[in-house]
Amino acid sequence: MANKIIGVVGGGTMGQGVAQRFASNGYAVVLIDISEEILEAAEKEIKRSLQMQNVFGKKKYDIPAIMENIKFTLSYDDLKSTDFVVENIPEVKEMKFIVYKKLNEICKPECIFMANTSCISITEIGSQAGRAENVIGVHFMNPVILKNFSEVISGLKTSAETIENVKELLSSIGILCEVINDNPGFVSNRLSHIFMNEAATLVQEGVATAEQIDSIFKNGFGHAMGPLQTADLIGLDVVVNSLEVLLDSYNDPKYNPCPLLRRMVSAGMLGRKSGQGFYKYK
């Protein structure tokens, strides 16, 4: 598998993590986004992340060699030779469908499309991609460089060969997976987003602070992070977008985003990436 070329669409937090994980394991990676500014920020953040791992982690990385494995580009034509493409753009169906139609025109027929989506149906994405048998959901956990697990989602037309190829690919970078059937939100986000939404509601009602809620989850339930720390890490805009997808998919009010979450997003308080969310970041 190490001779395969990995395309990564989207240079945000998830795309950076995916690119770093594959490049650190010897894969050639093509990372694409819509502006030089985003690509420069992605390159800078990947280097910083590798430096942090060298300082605090057990394994030491050859940073120049890893960075050499990643091509940063604005051109979709650079994805022509890729064997797998991981899509990480925002949770907006219309945007995703445009990207998949473009990928179908450019990528070779056997290329597998891995949708790193939080909530959107893989079957629906496959119907837009022109090669439904080669479309699969791979919900990487954040941060990708540290989490050794992913939720793999089979669409109605995803082939058995695609599933096996993706399982082998993930195994080659040290990621275990569970393969589940398609439904918007899958397993992890249908559960986690309710936690995050209800936690935000508790803050809004003055029942508890963000710190207290997260402490209960960490010290009481043994979670590594509390729901509001997780929301800040993901990005509150991403959380709201995902909840809106779930609300639209199931027409169930339990997915209606908390008003506090909406206000915070409107104010630009998006979490770690903006410097402030439920917590402040330097």
Side-chain angles (χ1 to χ4, degrees), residues 4 6-10 12 14-15 18 32 76 79 82-142 144 149-171 175-194 197 234 238-257:
K4 301 296 184 182
I6 312 298
V8 178
V9 180
M14 292 301 290
V18 170
I32 185 170
Y76 273 82
L79 298 175
T82 54
D83 299 287
F84 298 85
V85 173
V86 185
E87 172 270 309
N88 309 273
I89 73 168
E91 293 293 281
V92 180
K93 284 185 183 181
E94 293 75 17
M95 290 176 62
K96 287 186 183 290
F97 294 163
I98 290 170
V99 166
Y100 280 100
K101 287 175 181 177
K102 189 178 295 187
L103 291 173
N104 190 47
E105 293 173 358
I106 291 170
C107 297
K108 56 190 180 184
E110 62 270 28
C111 181
I112 291 174
F113 297 161
M114 299 161 62
N116 187 15
T117 177
S118 298
C119 293
I120 297 174
S121 164
I122 302 305
T123 301
E124 192 171 1
I125 291 174
S127 71
Q128 299 289 322
R131 54 177 82 183
E133 69 282 356
N134 283 13
V135 176
I136 191 167
V138 181
H139 183 206
F140 290 91
M141 301 294 146
N142 196 6
V144 182
F149 180 81
S150 66
E151 187 179 31
V152 172
I153 305 98
S154 174
L156 285 177
K157 292 189 176 180
T158 303
S159 71
E161 182 180 5
T162 292
I163 294 171
E164 290 307 311
N165 284 335
V166 168
K167 287 170 65 177
E168 183 181 351
L169 178 70
L170 294 174
S171 177
I175 292 181
L176 299 172
C177 68
E178 290 287 349
V179 181
I180 62 171
N181 294 322
D182 187 28
N183 228 359
F186 324 124
V187 172
S188 60
N189 278 9
R190 283 182 67 178
L191 294 172
S192 66
H193 280 58
I194 288 177
N197 201 34
I234 295 170
V238 176
V239 172
V240 169
N241 286 343
S242 297
L243 284 166
E244 287 174 340
V245 170
L246 291 169
L247 180 63
D248 180 65
S249 298
Y250 295 108
N251 195 28
D252 190 327
K254 70 186 178 187
Y255 297 118
N256 193 24

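Since we're looking at a predicted model, the values are computed, not measured. If you read the sequence from its start, that first residue is 1, and numbering goes on from there.
- Closest heavy-atom contact between Ile122 and Gly137: CD1-CA, 3.4 Å.
- Of all the heavy atoms in Cys177 and Leu170, the pair that sits closest is CB-CD1, 4.2 Å.
- Side chains of Cys107 and Phe113 form a contact here, defined as non-hydrogen atoms less than 4.5 Å apart.
- Scanning both residues, Thr82 and Ile6, for their nearest heavy atoms gives CG2-C, 4.2 Å.
- Scanning both residues, Asp248 and Lys93, for their nearest heavy atoms gives OD2-NZ, 4.2 Å.
- For the pair Tyr100 and Glu87, the minimum side-chain heavy-atom distance is below 4.5 Å.
- Here the CD1 atom belonging to Ile32 is positioned 5.0 Å from the OH atom belonging to Tyr76, to the nearest 0.5 angstrom.
- Summarising the geometry, atom SG belonging to Cys119 is positioned 6.0 Å from atom CD belonging to Glu91; distances are rounded to the nearest 0.5 Å.
- Within a 6.0 Å radius of CG in Asn251, other residues, nucleotides and ligands contribute 12 heavy atoms or fewer.
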Side chain to side chain contact (heavy atoms under 4.5 Å, CB included) evaluation trace for Leu103 with Val9: CA-CA 10 Å; Leu103 291 173; Val9 180; 4.3 Å; yes
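- Put simply, the side chain of Phe186 does not reach to within 4.5 Å of the side chain of Asn181, judged on heavy atoms.
- Taking each heavy atom of Ser154 and Ile163 in turn, the nearest pair found is OG-CD1, 3.7 Å.
- In this structure, the side chains of Asn165 and Ile136 stay at 4.5 Å or more apart for every pair of heavy atoms.
- For the atom pair CD1 (Ile112) and CD (Glu133), the distance works out to 10.0 Å, reported to the nearest 0.5 Å.
- Side chains of Phe140 and Val86 form a contact here, defined as non-hydrogen atoms less than 4.5 Å apart.
- Nearest heavy atoms, Thr123 versus Leu156: OG1-N, 3.0 Å.
- Annotation: side chain of Glu161 is not in contact with side chain of Asn134 (no heavy-atom distance under 4.5 Å).
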Derivation of the side chain to side chain contact (heavy atoms under 4.5 Å, CB included) call for Arg190 and Asn183: CA-CA 10 Å; Arg190 283 182 67 178; Asn183 228 359; 3.9 Å; yes
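- How far NZ of Lys254 is from CG of Leu243: 12.0 Å, rounded to the nearest 0.5 Å.
- Residue Glu178 places its CD atom among 12 or fewer non-hydrogen atoms of other residues, nucleotides or ligands, all under 6.0 Å distant.
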Between Asn116 and His139, does a side chain to side chain contact (heavy atoms under 4.5 Å, CB included) hold up when you go through it step by step? CA-CA 5 Å; Asn116 187 15; His139 183 206; 4.1 Å; yes
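- Within the model, atoms CG of Leu247 and CG of Asn256 stand 5.5 Å from one another, a figure rounded to the nearest 0.5 Å.
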Check the pair Ile180, Ile153 against side chain to side chain contact (heavy atoms under 4.5 Å, CB included), reporting the backbone distance first and the verdict last. CA-CA 5 Å; Ile180 62 171; Ile153 305 98; 4.0 Å; yes
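- In this structure the side chain of Glu124 never reaches within 4.5 angstrom of the side chain of Pro184, judged on heavy atoms.
- Separating the NZ atom in Lys101 from the CD1 atom in Ile106 is a distance of 14.5 Å, to the nearest 0.5 Å.
- Salt bridge status for Lys102 with Glu105: absent, with no side-chain N to carboxylate O gap under 4.0 Å.
- Side-chain contact between Val238 and Met14: absent, with no pair of heavy atoms (C-beta onward) separated by less than 4.5 Å.
- Exactly one of Val85, Leu169, Val135 qualifies for a side-chain contact (heavy atoms from CB on, under 4.5 Å) with Met114. That residue is Leu169.
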